[in-house]
Amino acid sequence: MTASVFEASQLPNQNRVGPYTYVPTEWICILFLVLYSISTIIHLSQAVKFRLWWMLPTATFAGVLEILGWSARLWSSHSPKLLTPYEMQLVGTIIAPTPLVAANFIILGKIINQVGPQYSRLTPKLYTIIFCCFDVICLIVQAFGGASAAHAVSQDTSAATGANIMLGGIAAQLFAIVVYVTLASEFFLRLKFNLPFRHVEQPRVLEKGQSAVSKNLRVLICAMAFCTLCIFIRSIYRTVELAGGWFGPVITTQHYFDWLDGAMVTLAIYSLNFFHPGIWLNKENPTGHDLEQAAEEEEAEEEAAA
C-alpha cells in the first residue's frame, strides 16, 4: 500500500469550526497584519532609496503575500466557515517566505563579490542564477499545491494531493537552504584561512592589518544567518504540519502556526529591514562597487571564453 500520509488524518472532527477546525484569533491577525504592512512599506521605500530593485520581487513581495494571507485570516476570524479567505491564507502564507529566501541568496552573491570571489566554489552570478531559479520552482510548486488543496477543500474532497505537492515544495526549499548554508560556510572558512578555491584576475588586496570582512559586513552576515535560521525553523514546522495530515494535531493548533510561521517570518523579514543591504553592504567600503563591477566583468570574460 502506498497511501498518502494525509489519508489517515483526512476525516475531520465533527465538532470542528470550518476548514481551520478553530476560529483565528482576531487580535493576533491584526497584530501580524500591522507588522507585515509596516515592514513591507519600509522595504518598498528602502528599495527605492538605495536603488536595490531586486529587493522589490524578493523581500517586498514576500511582505505583500503575508499581508494577503493575514488579511484573509482576519476575515476568517469573523467568518470562520467561509472557504474563500481560507483558500487565500493557505496560498499566501505557504509561499510568502520563498521570495525572502531569494533575497538572502542574492545578498550572499553581493558579499562574495565584495570580499573575495576566489574563495567561493560558485561565482556570485551562479549563486543568483542557480538558487533563485530553484527558489522560483519551489514557489510555483508550493503555489500549485496550495491552490490544489484549497480547491479540494472547497469541493469537500480529499486535499491529500495538493498537500503532498506543498510538502514536496517545502522539502525542496529546505534542501536548497541546507546547500546554501553549506556553500556559504565553506566560503567564509576559506576566507578566514586564506584558502582560495579558484583563480581570479583581480583579487582583492588587503592593506596591512586590514580585515577581509569589516565589522559592518559581519553585522549583515549575522543578520542573514538569523533570517535564514527563522525561515528554516518555519520550513521545518510546515513540513511537520503537512506530514501530520490535513486535520492532524499540528495543523489544527493555532498557537503553532502563530509562533512557528507568523512570528518566525516576521523576525526574518524585519531582520532585513534593520540590517538592509543598501545600508550595510558597502558601508565603510567605498571600493565595494568597483570590486563587484570587476568581478562581474571577469565572469563575463570567462563565459565568453567558454
Side-chain angles (χ1 to χ4, degrees), residues 1-14 16-24 29 61-62 64-76 79-102 133-177 231-254 256-258 260-262 264-265:
M1 294 178 65
T2 59
S4 165
V5 293
F6 296 92
E7 303 226 341
S9 303
Q10 195 60 40
L11 293 177
N13 188 318
Q14 291 181 352
R16 67 187 179 93
V17 181
Y20 294 94
T21 74
Y22 61 82
V23 179
C29 296
F61 183 51
V64 171
L65 290 173
E66 288 289 356
I67 291 171
L68 172 67
W70 284 94
S71 296
R73 285 182 71 86
L74 178 60
W75 183 2
S76 292
S79 305
K81 294 184 179 181
L82 284 181
L83 289 175
T84 299
Y86 176 77
E87 294 167 354
M88 290 171 57
Q89 69 85 34
L90 177 64
V91 175
T93 60
I94 201 74
I95 67 176
T98 304
L100 199 58
V101 175
C133 286
F134 193 79
D135 210 45
V136 169
I137 293 173
C138 291
L139 178 69
I140 294 172
V141 170
Q142 291 176 57
F144 179 77
S148 176
H151 177 72
V153 171
S154 68
Q155 299 297 315
D156 200 23
T157 58
S158 173
T161 300
N164 280 325
I165 294 173
M166 284 193 294
L167 180 60
I170 293 175
Q173 188 177 70
L174 269 173
F175 172 75
I177 292 174
I231 295 175
F232 190 75
I233 292 172
R234 177 263 179 192
S235 298
I236 292 176
Y237 156 70
R238 281 293 204 172
T239 301
V240 174
E241 174 198 51
L242 292 172
W246 201 248
F247 295 104
V250 178
I251 199 171
T252 56
T253 303
Q254 181 181 196
Y256 293 156
F257 182 84
D258 293 339
L260 297 175
D261 189 290
M264 287 298 103
V265 181

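Values below: every heavy atom of this structure, side chains too, minus hydrogens, waters and symmetry copies.
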Which atom names give the shortest non-hydrogen contact between Leu242 and Ala163, and what distance separates them?
CD1-O, 4.1 Å
If you look at every heavy atom in Thr93 and Arg234, which pair is closest and at what distance?
O-NH2, 2.9 Å
Go through Phe61 and Leu65 one step at a time and tell me if the side-chain contact (heavy atoms from CB on, under 4.5 Å) criterion holds.
CA-CA 6 Å; Phe61 183 51; Leu65 290 173; 3.7 Å; yes
Would the distance check show the side chain of Gln155 and the main-chain N or O of Ala152 forming a donor-acceptor pair, the cut-off being under 3.5 Å?
no
Can you see which heavy atom on Pro24 is nearest to which on Arg73, and at what distance?
CB-O, 3.7 Å
When you look at Ile94 and Ile170, which way does the side-chain contact (heavy atoms from CB on, under 4.5 Å) test go after all the steps?
CA-CA 9 Å; Ile94 201 74; Ile170 293 175; 3.5 Å; yes
Listed by chain and number, what are the side-chain contact (heavy atoms from CB on, under 4.5 Å) partners of Ile233, not counting sequence neighbours?
Leu229, Leu260, Met264
How long is the span from the CD1 atom in Ile231 to the CG atom in Leu100, to the nearest 0.5 Å?
4.0 Å
Between Pro99 and Ala96, which heavy-atom pair has the shortest distance, and what is it?
CD-O, 2.9 Å
Within a 6.0 Å radius of atom OH on Tyr256, are there more than 12 heavy atoms belonging to other residues, nucleotides or ligands?
no
Could you tell me how the ring of Trp70 sits relative to the ring of Phe257: parallel (under 30°), tilted (30 to 60°) or perpendicular (over 60°)?
tilted
Shortest non-hydrogen contact from Leu83 toward Pro19:
CD2-CG, 4.0 Å
Go through Tyr22 and Thr253 one step at a time and tell me if the side-chain contact (heavy atoms from CB on, under 4.5 Å) criterion holds.
CA-CA 8 Å; Tyr22 61 82; Thr253 303; over 6 Å; no
Excluding sequence neighbours, so at least two apart, what forms side chain to side chain donor-acceptor pair (under 3.5 Å) with Ser76?
Tyr20
Salt bridge (charged side-chain N to carboxylate O under 4.0 Å, His left out) partners of Arg238, counting only residues at least two apart
Glu241, Asp261
Using atom types as modelled, flag every donor-acceptor pair under 3.5 Å from a side chain in residues 137-151 to any protein atom, sequence neighbours excluded.
from: Gln142; atom 1: NE2; to: Cys138; atom 2: O; distance (Å): 3.4

Heavy-atom nearest pair, Ser235 first then Leu174, reads CB-CD2, 3.5 Å
